[in-house]
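Read the structure below first, then the notes.
For the single chain, residues carry numbers from 1 onward in sequence order.
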Amino acid sequence: MSRPDQQEPIVFELVERSGPDGGTDHGDAGPGGSSGRRPHRLPRLPRVPRRTWLVAAAAVAVVVLGVTAVDLVRDHRRAELMRTSPIGVASLDDPPAKAWTVPFDVAAPDGDQLFMDQQQLLTMDGLLVVPPGTTRGVVQDVGTGAINPAPVGFEDVVAVNPGSGEVAWRVPLGGNPVCGPSGYDASVSADELVCVQGPADAREVLTIAADGGTRTRAADLADGEQIFPGPDGTAVRVVRTGTAAEEVVCDLGACTPSVLTEGRDVRVVAEDAVSGDERWTSTVEFAPADTINCQRVGNEFEQGSVDADQVTVYTSAASVTVDGCGIWGALSMRGVRLDLASDAGAEVEIDAGTGMPTRGWVTELGPDLFAVEYDPMRTVVVDGAGKVQRTLDGWLRGGNVSPDAPDDLWFVTTRSGGHGFVAVREDGSVAWKDLNSQSVLLVGRDVVVADRGSRVVGLARDTGEQVWSWESGDMAGMSRYRALTDGETVVLEHLRQVGSGSGLLVALDLGTGEQVWDAPLAGSAVAVDGHVVEVGPEGLAGLG
């Protein structure tokens with residue numbers, strides 16, 4: 001028995017009508033009719049009931065609507081997938097138009113001054129959250145050349161709906177606030193934002209939930225302790241331990257001794273931001289350091305005195321970096337030193353200058369996956385427990401990965417000049433090479449988009465073969481800063497290399513490289529929950 005929505009095919013049969021003499025009746029005689037022959041007429045189709053025609057038309061409509069419905073479902077699923085990515089946009093079919101604006105409490109200086117935006121951002125439950133205090137710009141006075149820090153942005157923590165521009169909530173902070181985790185491109189997502197605020201002798205830890213709810217507690221710092229926000233709802237407490245460093249004398253930029261060979265270690269404690277309960281503790285050991293790198297930096301970037309005990313903490317999405325005089329270390333949220341990770345079974349390398357274990361540069365690849373890069377050009381991929389997942393001959397490239405792209409290739413550069421990269425399979429074999437590109441702009445589902453200076457090329461993901469190329473003479477004085485995608489289109493963000501001025505968004509078809517549209521850009525563009533938000537010198541704008 002056939003399904004009720006399937007229609008049987010309609011078959012038309014040509015039938016000839018017999019005349020009175022048994023022959024074929026071709027119709028009435030024509031004018032004159034004396035020849036006895038009847039003119040030919042086109043055969044008539046059988047009369048089809050009106051109901052049958054309606055059923056046939058309905059069947060065609062069902063097929064068309066079915067195809068359309070499948071496309072709509074596919075587009076919806078793709079848009080929802082893109083919302084999960086810090087570079088994903090629901091749709092880039094049309095050039096963006098400004099749909100809403102939220103002005104900063106303090107706008108950037110006017111165009112006669114040099115302003116370099118360093119706005120911290122994060123996402124919380126689909127909202128764009130902008131912390132205060134960490135909004136720092138560098139302003140250079142054109143007349144005097146003096147360079148000074150200038151606070152720009154909101155005075156509170158502000159959460160904005162990226163679709164409507166509605167301010168979901170604002171949380172005011174006390175003096176000298178520092179908040180984390182956050183980043184410059186809205187790529188960091190968190191369930192809680194931790195802020196440390198107040199005077200040095202009475203610091204408080206403030207935890208802000210995704211709905212704007214807050215909880216506050218006193219930091220209760222001991223002598224010499226500092227506290228900083230951490231990821232995953234933590235606060236990070238640091239203090240120097242051991243014997244004090246040797247005395248240093250500086251005069252006219254020269255310090256004696258020129259190298260600090262002795263100094264104090266740093267004890268690092270991660271604690272629950274709300275309760276203060278300890279989660280883990282670790283120690284970052286002192287390593288010999290050039291004395292000039294241990295000088296204080298004043299508000300006007302003047303040379304200051306040496307502070308051998310200086311230390312600070314930088315918070316990323318899933319790790320913290322401890323930095324200071326003779327101190328550098330990256331730790332996972334399990335308290336493991338990531339910068340000391342090495343190949344399984346390999347001897348720990350010793351730095352010839354410091355006599356300490358060689359430290360790698362740590363990059364977060366995911367919630368619990370990190371790349372530790374060493375010279376000469378080697379990368380160790382580890383998890384948060386420090387367990388080595390694989391070793392790569394080169395440095396990783398291509399952080400912008402579309403959420404619909406397979407994860408079976410790693411892109412690494414093996415040349416010290418930085419140009420070119422190799423696509424490496426999971427088993428370590430080389431799939432293909434590109435020795436001409438400067439960087440990987442986007443790893444897409446079918447195409448890898450690479451920067452070749454004046455040109456952008458699309459390379460087939462499985463073979464590396466060039467499938468398209470795009471270039472424009474309108475990009476003079478601009479550099480490519482960020483890529484966004486909806487899975488079908490890639491948008492390249494071009495910003496001015498020197499001075500101020502508007503940038504440009506350029507949309508290219510991922511399959512053909514054809515330019516779809518371009519649009520001016522006042523600041524920088526980020527993707528939040530599938531929407532494009534412009535972060536400019538005067539505030540935020542939704543580009544719908």
Side-chain angles (χ1 to χ4, degrees), residues 84-86 118-134 157 159 171 173 177-197 203-217 219 226-238 266-282 284 311-324 327-339 341 361-372 382-386 399 526 528:
T84 66
S85 170
Q118 296 182 2
Q119 174 64 62
Q120 293 286 309
L121 306 165
L122 74 152
T123 62
M124 299 176 68
D125 195 24
L127 299 176
L128 177 62
V129 178
V130 186
T134 53
V157 179
V171 175
L173 296 182
V178 181
C179 299
S182 58
Y184 297 119
D185 54 4
S187 62
V188 175
S189 180
D191 297 326
E192 295 174 310
L193 177 66
V194 178
C195 298
V196 178
Q197 60 183 0
R203 299 291 271 171
E204 293 181 334
V205 179
L206 171 69
T207 305
I208 305 175
D211 61 1
T214 63
R215 299 183 67 176
T216 306
R217 67 175 176 88
Q226 298 180 78
I227 194 165
F228 297 88
D232 193 27
T234 63
V236 179
R237 191 181 298 260
V238 295
V266 173
R267 183 172 181 263
V268 185
V269 179
E271 58 192 35
D272 187 279
V274 174
S275 67
D277 295 337
E278 182 178 314
R279 293 189 181 180
W280 53 261
T281 183
S282 184
V284 178
V311 62
T312 191
V313 172
Y314 301 103
T315 302
S316 301
S319 64
V320 293
T321 299
V322 182
D323 189 13
I327 294 293
W328 194 88
L331 299 97
S332 72
M333 281 298 91
R334 307 189 202 184
V336 174
R337 285 287 298 276
L338 299 169
D339 56 300
W361 181 258
V362 178
T363 303
E364 295 182 3
L365 301 178
D368 197 46
L369 196 65
F370 306 87
V372 187
V382 299
D383 61 17
V526 296
V528 183

Hey, could you give me the [atom1]/[atom2] distance between [X] and [Y], rounded to the nearest 0.5 Å?
X: L173; Y: E204; atom1: CG; atom2: CD; result: 10.5 Å
X: L338; Y: F370; atom1: CG; atom2: CZ; result: 5.0 Å
X: D232; Y: D191; atom1: CG; atom2: CG; result: 8.0 Å
X: F228; Y: T315; atom1: CZ; atom2: OG1; result: 9.0 Å

With a 3.5 Å cut-off and no angle check, do the side chains of [X] and [Y] form a donor-acceptor pair?
X: S275; Y: D277; answer: yes
X: D185; Y: S187; answer: yes
X: S319; Y: E364; answer: yes

Is any side-chain heavy atom of [X] closer than 4.5 Å to a side-chain heavy atom of [Y]?
X: Y184; Y: Q119; answer: no
X: V320; Y: P231; answer: yes
X: V322; Y: W328; answer: no
X: T207; Y: T214; answer: no
X: V157; Y: L193; answer: yes
X: V382; Y: V372; answer: yes
X: L206; Y: V171; answer: yes

Would you check if the side chain of [X] reaches a backbone N or O of [Y] as a donor-acceptor pair within less than 3.5 Å?
X: Q226; Y: V311; value: yes
X: W280; Y: M333; value: yes
X: S182; Y: L121; value: no
X: T123; Y: V528; value: no

Search all heavy atoms of [X] against all heavy atoms of [Y] and return the closest pair with its distance.
X: R279; Y: D272; answer: NH2-OD2, 3.0 Å
X: S332; Y: G384; answer: OG-O, 2.6 Å
X: C179; Y: P229; answer: C-CG, 3.6 Å
X: P181; Y: S316; answer: CB-O, 3.4 Å
X: I327; Y: V284; answer: CD1-O, 3.5 Å
X: D339; Y: G329; answer: OD1-CA, 3.6 Å

side-chain contact (heavy atoms from CB on, under 4.5 Å) partner of I227, chosen from V205, V238, V236: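 Looking at V205, V238, V236, the match for I227 under the side-chain contact (heavy atoms from CB on, under 4.5 Å) is V205.
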
Taking it one step at a time, do V130 and Q120 satisfy side-chain contact (heavy atoms from CB on, under 4.5 Å)? CA-CA 6 Å; V130 186; Q120 293 286 309; over 6 Å; no

Short N-O contact, E271 and R217, less than 4.0 angstrom: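 Salt bridge between E271 and R217, a charged N being under 4.0 Å from a carboxylate O: yes.
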
CG of D211: more than 12 outside heavy atoms within 6.0 angstrom?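 More than 12 heavy atoms, drawn from other residues, nucleotides or ligands, come within 6.0 Å of this atom.
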
Assess whether salt bridge (Lys or Arg N to Asp or Glu O under 4.0 Å) is satisfied between R334 and D368, documenting all intermediate values. CA-CA 10 Å; R334 307 189 202 184; D368 197 46; 2.5 Å; yes

